[in-house]
Each structure stands twice: as C-alpha cells, then as structure tokens.
Asker: 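Structure incoming, see below.
In what follows, chains are A, B, ... by sequence order, proteins preceding strands, each numbered from 1.
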Amino acid sequence: MKLAIKRTLFLVVVVGIWQLVVSMNIFPEVVLPGPVKVMQALFDGFASGSLLVALGASFKHLLIGLSLALLFGTILGVILGKSRQADETAGMYLIALQSIPSIVWVPLSLMLFGFTEFAVIFVVVLGGTFVMALNVRSAIQNVPPQLVKAARTMGTSGAELFYRVEIPASIPYYMTGVRLAWAFSWRALMAGELLSNGPGLGYSLQFASDFARMDQVIGIIIIIGTIGAVVDQLVFSKLEKNVLKRWGLLKS
Amino acid sequence: MFLELKQVGKSYEDQQGRFEVFSDIDLSIEENQFVSILGPSGCGKSTLLSMIAGLEKITDGTILLEGEEISKPGSDRGMVFQEPSLFPWLNVKNNVLYPIKKQLPKNEAEDRVKHFLKMVHLSKFTDHYTYELSGGMQQRVAIARALSMDPKVLLMDEPFGALDEQTRDLMQDELTKIWQETNKTILFVTHSIHEAIKLSDRVIVMGIRPGRIIADINVDLPRPRKRNNPDVVELETQVMDLLKVEIDKVLKEEIDYEASN
C-alpha cells in the first residue's frame, strides 16, 4: 500500500509542475496545453470512439506481429543454439540486425507492401524477431550441463533429451526473450504506424500532430506509455518472476 | 566379478600434447559392497567414476559390469553428483519419477517413488519444488531418484561435499542405512579420509602424478563407526600418511617449478 501512495504522490507532483510551467505562459497554449486540456482531449477521444478504434487496430497489429516474431525468433534461436556451425556463420549478423532501430525498416516496408496494415505488421515482426532469436539462442546454450549429465545417467538421450530437459531448462531465458520481444515490438509498432495510413495509435498521433492538436498528441503519448508499463508489469514481468522463482534463479 | 576395470586409462589431447590423467587401473568390485575411492584433487577419481557412468570416454582398457562392456550411460548405473542436479521445473515426486516414468506402468512407478521418498524421509515434501528445499534435502531427493530406477550400482561423486559438517554427518548415517536396506553396490568418491573410512567396506586410495591406485584397504570394523573409535582413528592416520606423500610430491613439484623460473 505504501508503494501505491508513493507512486501516486510522485504523479501528483509531476502533474503539478506541468501545470505550473503552463501557468507561467512560457510557451503558447497551442504548443504546450495543460493537464486538464489533455484529459479533456483523451475523454473526447474515447467518447467519440476514435481512440478505441485506434487502440483496437494497434493491438491487432501487435498481436499478429508479436506472435510471428515469437515463432520466427524461436525457430531461428533454436537453430543457432543447437548448431555451432549455424551460430558461427550467422550469429554475428543477428546481433547486427538486432541493433537496427525499427523505424529504419519503415521506408523499406512501405516500398515493399505499400500503405497497408501488412507493412506495419512487417515492421513489428522485424522488431521482435531478432531479440527473441538472440534470447532463445542463449536459452539453449545456457542449459546447465549438470542437468544434461544427470539426465543422461538416467538413460535420456537424443530427441527425448531435447524435449524433457533442454526445453524446460531453457524456459527462464525464453521468458526474458518474450518480455523483450514485446517491448521491442511495441516500439516498432509505434514507429510503423506513425508513417502508415491508419488506423492505429501511431497514426492518430501523427494525425493530431499534423493538425497541431498538441492536447491529443500528449494524450496519446500518455496512453502509449501507460500501456507499455501496465502490460510489462502485469503480464510479462510477473510471468518472468514466477518462472525465475520456480527455477531457483531468483535471489529472494 | 560384478564390476571390473581392466587396464583402464584416461588421457586428453590438446595443443600442448597428450596429458595423461591415469593409466593401467585394475580394479574388481564385488556385488553389495560399499567401496570408496579416495584421493587428492586432480588424481582423476571423479573422472574414473564418470567413465563407469558412461559420461566420459574410456581412452584405454575396458570396464565391465556383470560381464558387459560399458560404452555409454545407462539406467543400470545410477549417479549422484556433488550438486544435486534436480530438475527445478518438476516437484520432488516428479523428479524421483523422472527416470521410471516411461519404463514402468503408472501405479508401479508411483509406488516406487513413494517407497524411496519414505526411505529418505521426504514423504512430507512430495509437492515441493527444488528452491524450497535445503541442500541436504535436495541431495536426498537425488539419491531417491537414482535408486528409483533400481540400478545395479550406485555411483556417488562427492555427494556430501557441498554440505555443512552437521548435515554431512547425518547424511552419512542415512546413506549407511539406505545401503543396508537396499543392498546396493555403492561406489563413492570422496576426498575426506574420515568419510571414506566411516562408510566403506573397502577404500581405494589413489595417488597423483601419475594417477594410480596406491592402496586398497579393507575396513573390517563394526558399524556404526564413531569418530573417536581408536580403530577408526588409527586407520585414518595410516591413510593420511599415505596421502601426505602424494600431496607433498605435488607441492614440491610446484615449488621446484617456481624456483627454476
């Protein structure tokens, strides 16, 4: 409970400073609207349904893109993790690909697929796949050799060793991969949508900016941050923590 | 003979050439015996045990278990490691069930799990996960797991090495009871002289550089063997003197090397 109070107080202070800056009239109100105006814009957006449509579209892109990224990332990661040959040949390029910011893919994606939803999904897939693949690779490579040895003395080998020991043993790293893939995909989604033809949160943001509606712009930024934090805290961090605890990797 | 090692040797090849851990190990072990392999670090005692388990390649000679040559791991040899090596995603019951899950009908397998968990006094903890258990408890689960597949021989690689003194003492008593109850052949690797003498019918002492067997001692003392029993103390002193020669040799080599550089 104390934590909740601390966090609420902090938020109140931040909003207070924001209001203070606005009241000092350093910037014109068109450029920096106050908290009340932003809340009003958010309320209007939800009431008219336009933000809900945008949210729905964004989640659709994310769900499809992230699922594909997890699938491709897992396949790539398992290949690199299991085959030394593949890892030595392609492993370095994976790191290079992973270090490319998602927004860089957007022009390419638009050229390839036009102003379609698929172009956005493509960027999301690229955003999540490489980080997932890197983590799955680590997951496979970091299976404790001790557990493999123990399993072998109990007569486990080959494919059975892979699905009865190596897969479950790699779940903690795998979960970290899923959490990071979500975070990267979420960022990629916004980058992709910003330059798309909508609908989507990123598109709404660009649209509001084009019409100089800074109240809406700030409102959408708040939504994006809130969703990012809530999904991470309520879903992925929790999941990861539970797994780490069960696997005895969490120092409590 | 039950377990037989003939001219067994182990060597590694690397850039600097061939490195021999040990060679020409000849050893015969009778069924139902408790045998310890004792030696200083680096003498290759754990490697030897791993070779019997089938985890390490046998570079020279042969190892026979009931006349059959060992080339890979198998469920006729159960192994307990220094680290408990339990599967953290399985609870205690399923860890013990792991090796027999596919080999036995469900009822029979579960009865066996119950039997061995009772033997190691962990019936109350069947639903617990590894992270909820102490080191000693984890090691008891590992022993139950190895026993559940009913191996012909139980291989133990410094199983109590990571435990504190009191727990270690209790575990040694437990193991003696388990051994008397199950009548298993146990091959036990340790570097503790006291542990070897307290537990075993026979102590194989290994030397270092080159790795070899320097003594084969029958321990014909009644159990339980108390720490202050004069016979135990005498035997310990005797083995200590044997090992001191080996350890001094290593030390001297190291000092000479430093001096020559």
Side-chain angles (χ1 to χ4, degrees), chain A residues 70 74 77-78 81-82 84 88 135-179 236-252, chain B residues 46 49-56 70-91 94-104 128-135 138-139 141-151 153-157 159 162:
Chain A
L70 294 183
T74 304
V78 169
K82 287 302 277 184
R84 206 191 151 88
E88 279 175 351
N135 275 277
V136 173
R137 181 182 72 163
S138 306
I140 300 280
Q141 287 173 346
N142 284 296
V143 170
Q146 194 55 37
L147 296 185
V148 175
K149 259 205 246 170
R152 287 181 60 211
T153 63
M154 293 184 280
T156 315
S157 63
E160 200 192 345
L161 187 67
F162 185 63
Y163 74 84
R164 280 186 87 186
V165 178
E166 290 181 297
I167 289 183
S170 59
I171 285 179
Y173 276 93
Y174 194 86
M175 286 315 301
T176 307
V178 172
R179 185 172 61 81
F236 294 107
S237 283
K238 221 175 211 171
L239 217 61
E240 196 185 8
K241 223 181 240 168
N242 285 342
V243 167
L244 287 180
K245 190 177 165 201
R246 168 72 61 84
W247 264 246
L249 296 169
L250 196 69
K251 283 158 199 84
S252 51
Chain B
S46 288
L49 200 72
S50 287
M51 285 159 83
I52 298 170
L55 291 170
E56 286 263 4
I70 286 169
S71 59
K72 60 179 175 43
S75 52
D76 53 349
R77 283 149 290 148
M79 180 122 175
V80 178
F81 300 87
Q82 179 168 359
E83 305 137 71
S85 317
L86 301 175
F87 300 132
W89 56 91
L90 299 176
N91 61 19
N94 286 324
N95 260 293
V96 180
L97 189 64
Y98 176 92
I100 48 173
K101 199 176 175 184
K102 298 197 163 172
Q103 278 70 29
L104 293 179
H128 283 58
Y129 284 87
T130 317
Y131 73 94
E132 299 168 299
L133 305 177
S134 70
Q138 289 186 33
Q139 208 52 287
V141 178
I143 293 171
R145 181 174 70 173
L147 287 172
S148 77
M149 55 185 190
D150 195 23
V153 49
L154 186 59
L155 307 169
M156 306 185 87
D157 189 5

Asker: How far does CD of B:Glu56 sit from NZ of A:Lys149, to the nearest 0.5 angstrom?
Answerer: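 The CD atom of B:Glu56 sits 7.5 Å away from the NZ atom of A:Lys149.
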
Asker: To the nearest 0.5 Å, how far apart are CD in B:Glu132 and NZ in A:Lys245?
Answerer: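 Rounded to the nearest 0.5 Å, the CD-NZ separation comes out at 7.5 Å.
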
Asker: What part of B:Lys102 is in contact with chain A, defined as an atom under 4.5 angstrom from a non-hydrogen atom: side chain, backbone, both or neither?
Answerer: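 Only the side chain of B:Lys102 comes within 4.5 Å of chain A.
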
Asker: Any idea which heavy atoms bring A:Val165 and B:Trp89 closest together, and the distance?
Answerer: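 Heavy atoms only, the tightest pair is O-CH2, 3.6 Å.
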
Asker: Taking side chain as C-beta onward, heavy atoms only, is B:Tyr98 less than 4.5 Å from A:Arg164?
Answerer: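 The answer is yes, as the side chains (C-beta and beyond) meet within the 4.5 Å cut-off.
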
Asker: Which pair of heavy atoms, one from A:Thr153 and one from B:Met79, lies closest together, and at what distance?
Answerer: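 Looks like CG2-CB, 3.9 Å.
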
Asker: Looking at CG of A:Leu244 and OH of B:Tyr131, how far apart are the two atoms once the value is rounded to the nearest 0.5 Å?
Answerer: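 These two atoms lie 12.0 Å from each other.
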
Asker: Does OH in A:Tyr173 sit with more than 12 non-hydrogen atoms of other residues, nucleotides or ligands closer than 6.0 Å?
Answerer: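 Incorrect, the count does not exceed 12.
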
Asker: Does any backbone or side-chain atom of B:Ser85 lie under 4.5 Å from a heavy atom of chain A? Answer side chain, backbone, both or neither.
Answerer: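 Contact with chain A involves both backbone and side-chain atoms of B:Ser85.
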
Asker: Taking all heavy atoms of A:Arg152 and all of B:Pro73, pick out the closest pair and write down the distance.
Answerer: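 Here A:Arg152 and B:Pro73 meet closest at O-CB, 3.1 Å.
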
Asker: For B:Leu90, is it the side chain, the backbone, both or neither that has a heavy atom under 4.5 Å from a heavy atom of chain A?
Answerer: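 Neither the backbone nor the side chain of B:Leu90 comes within 4.5 Å of chain A.
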
Asker: Under a 4.5 Å heavy-atom cutoff, which of A:Gly155, A:Pro168, A:Ala151 has the most pairs with chain B?
Answerer: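 Looking at each option in turn, the highest pair count goes to A:Pro168.
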
Asker: Can you tell me which portion of A:Val243 sits under 4.5 Å from chain B's heavy atoms? Options are side chain, backbone, both or neither.
Answerer: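 Neither part, no heavy atoms under 4.5 Å.
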
